Amino acid sequence: MSERWDIFCCVVDNYGDIGVTWRLARQLVAEQELQVRLWVDEPAAFVRLCPQADARLAVQLIDGVEICHWPKDFPLVEVADVVIEAFACTLPASYVEAMTERVRKPLWLNLEYLSAEDWVAGCHGLPSPQAGGLQKFFFFPGFSEGTGGLLREGDLLARRRAFQADVQARRAFLARIGVTQAAGTRLISLFAYENPALAGWLDALAADTQATLLLVPQGRIEGDLCRWFGEEQAGVWQRGSVRAQLLPFLSQADYDRLLWSCDFNAVRGEDSFVRAQWAGRPLLWHIYQQEEGAHWDKLEAFLDRYCAAQTPEQASATRDLYRAWNGAGDMQQAWLDWLEQSPALTEWAESWCQQQASRPDLASALVQFYRNWLSCAA
Ligand code: TRH
């Protein structure tokens, strides 16, 4: 009988919370052979990432994961061996009470947001005493030794490389989502929050000698596209050398394929940011803005790691581009400077991916954490 894990996900806004927990749940089932329940308070958000799900069902089994609606009146259920509260969502009081009553206490983990900051390694794995004799441990994803690592399925990079090496597979995928790439056209995916810096980027792309096709999954950036391009024609805009095409919101698996297919990916938040790194292609991160500018420390911490082994010219092109995209700098100029370094920075994206993939992935690290905890408790 395999161990049972419960993952609790409260959808705050956007798709990062459900995106991360759904990915983690599937991997724990597929690679660690665990029994996993994923409790989601907003099934509609889940359905966008997993279109075969039915938002009306209280319980459904998808890819071996039991997806359970997390209602306000939480039902009486058996407590799992490992309980993950994602991103400090508050567990149902009745469930916590049941945890205290369990003869063998469960391992209680708070899965934190991703940050490249140095302090993360010092806080990863620390316990926090709770009422009823329970302890809660902080589990931090991260980019360095001493953190919980990044979500990465065991076969991900092999699948990605096979796809990128297979011209037919790539073309067939793009055709399936309604995209035709003319020869010599640069392909860029664009997933971002509302962003005033988009106009400067589009100015640069429109004036370029190389054509660009921007692929834009439906979302918050559409208003900025309309402002710069004007009215769309059946989901497509064209101005100068740049064409933009709206895509439906894709399943997570297809979104990965989109990232693998593009020459450059603009991503946001947490999960798409990590997936773009596994794509082995250059990326641009629109970070989720926090109060009092706390996100700037996170952005700079990532840049410090990402640029550490780049030449000064490459590092400054990368930094300027990320800063401009996030509201500090001239995006048009930053893109032109970045383009000058683009061959080397494209190679760098693959090296960075390999470097990160040499460390244990987050799901394996969680299971290892549990094993260590069990042996300490024995
Ligand atoms: O949606 P996000 O902006 O989520 C954010 C972040 O998690 C942020 O850290 C958090 O604080 C905030 O929400 C509340 O971006 P993210 O993290 O990239 O999540 C998007 C998910 O949607 C990811 O799993 C990829 C998936 N996705 C698809 O499945 N299909 C698509 O077409 C697209 C564009 C994304």
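Everything quoted here is computed from the prediction, not taken from an experiment. Numbers here are sequence positions counted from 1. Order of appearance sets the numbers: ligands from 1, and atoms from 1 within every ligand.
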(message) With nothing but distance in play, are any N or O atoms of Arg268 less than 3.5 Å from an N or O of ligand 1?
(response) yes
(message) Could you walk me through whether Arg160 and Glu153 satisfy the salt bridge (Lys or Arg N to Asp or Glu O under 4.0 Å) test, starting with their C-alpha distance in whole Å, then the side-chain angles of each, then the deciding distance to 0.1 Å, before giving a yes or no?
(response) CA-CA 11 Å; Arg160 186 265 285 178; Glu153 300 81 14; over 6 Å; no
(request) May I ask you to say whether Glu350 pairs ionically with Arg161, meaning some side-chain N is under 4.0 Å from a carboxylate O? (result) yes
(message) Using side chain to side chain donor-acceptor pair (under 3.5 Å), reason through Gln130 and Trp108 one step at a time and then give a plain yes or no.
(response) CA-CA 10 Å; Gln130 305 289 313; Trp108 183 0; over 6 Å; no
(request) Number the atoms of ligand 1 from 1 as they appear, then name those within less than 4.0 Å of a heavy atom of Gly19, with their elements. (result) 24 (O)
(request) List the closest protein heavy-atom neighbour of atom 13 (O) of ligand 1: residue, atom name, distance to the nearest 0.1 Å. (result) Asn14 CB, 3.5 Å
(message) Can you confirm if the NZ or CZ of Arg305 lies within 45° of the ring axis of Phe143 and under 6.0 Å from the centre of its six-membered ring?
(response) no
(message) Please list, in number order, the atoms of ligand 1 under 4.0 Å from a heavy atom of Ser251.
(response) 29 (O)
Show me the donor-acceptor pairs within less than 3.5 Å that the side chains of residues 339-348 make with the rest of the protein, sequence neighbours left out.
residue : atom : partner : partner atom : Å
Ser342  : OG   : Leu339  : O            : 3.3
Thr346  : OG1  : Ser342  : O            : 2.7
Trp348  : NE1  : Tyr306  : O            : 3.0

(message) Considering non-hydrogen atoms of the protein only, which is the closest contact for atom 10 (C) of ligand 1, and what is the distance?
(response) Tyr113 CE2, 3.9 Å
(message) Among all the protein's non-hydrogen atoms, which is closest to atom 9 (O) of ligand 1, and how far away is it?
(response) Glu270 CB, 3.8 Å
(message) Among all protein heavy atoms in this structure, tell me which lies nearest to atom 24 (O) of ligand 1, with the distance rounded to 0.1 Å.
(response) Asp271 OD2, 2.5 Å
(request) Could you name the option among Tyr15, Tyr193, Phe249, Trp22 that has the heavy atom nearest to atom 27 (N) of ligand 1? (result) Phe249
(message) How far is atom 4 (O) of ligand 1 from the closest protein heavy atom, and which atom is that?
(response) Gly16 N, 2.9 Å
(message) What protein heavy atom lies closest to atom 18 (O) of ligand 1? Include the residue and the distance to one decimal.
(response) Ser272 OG, 2.6 Å
(message) Within the 4.0 Å heavy-atom shell around Leu49, which atoms of ligand 1 are there?
(response) 24 (O), 29 (O)
(request) Mark up the atoms of ligand 1 that fall under 4.0 Å of a heavy atom belonging to Pro217, in ascending order. (result) 32 (O), 34 (C)
(request) Please list, chain by chain and in numerical order, all residues satisfying salt bridge (Lys or Arg N to Asp or Glu O under 4.0 Å) with Arg171, sequence neighbours excluded. (result) none
(request) Starting from the C-alpha separation in whole Å, work towards a yes-or-no answer on salt bridge (Lys or Arg N to Asp or Glu O under 4.0 Å) for Asp208 and Arg186. (result) CA-CA 11 Å; Asp208 199 343; Arg186 176 195 295 127; 2.9 Å; yes
(request) May I ask you to establish whether Arg26 and Trp22 are in a cation-pi arrangement, using a distance under 6.0 Å from NZ or CZ to the six-membered ring centre and at most 45° from the ring axis? (result) yes
(message) Can you report which non-hydrogen protein atom sits closest to atom 14 (C) of ligand 1, along with the distance?
(response) Asp13 OD1, 2.8 Å
(request) Mind running side-chain contact (heavy atoms from CB on, under 4.5 Å) on Asp81 and Arg102 for me, showing each step along the way? (result) CA-CA 10 Å; Asp81 302 296; Arg102 203 175 190 259; 2.9 Å; yes
(message) Given Leu259, Asp256, Leu250, identify the one with the heavy atom nearest to atom 32 (O) of ligand 1.
(response) Leu250
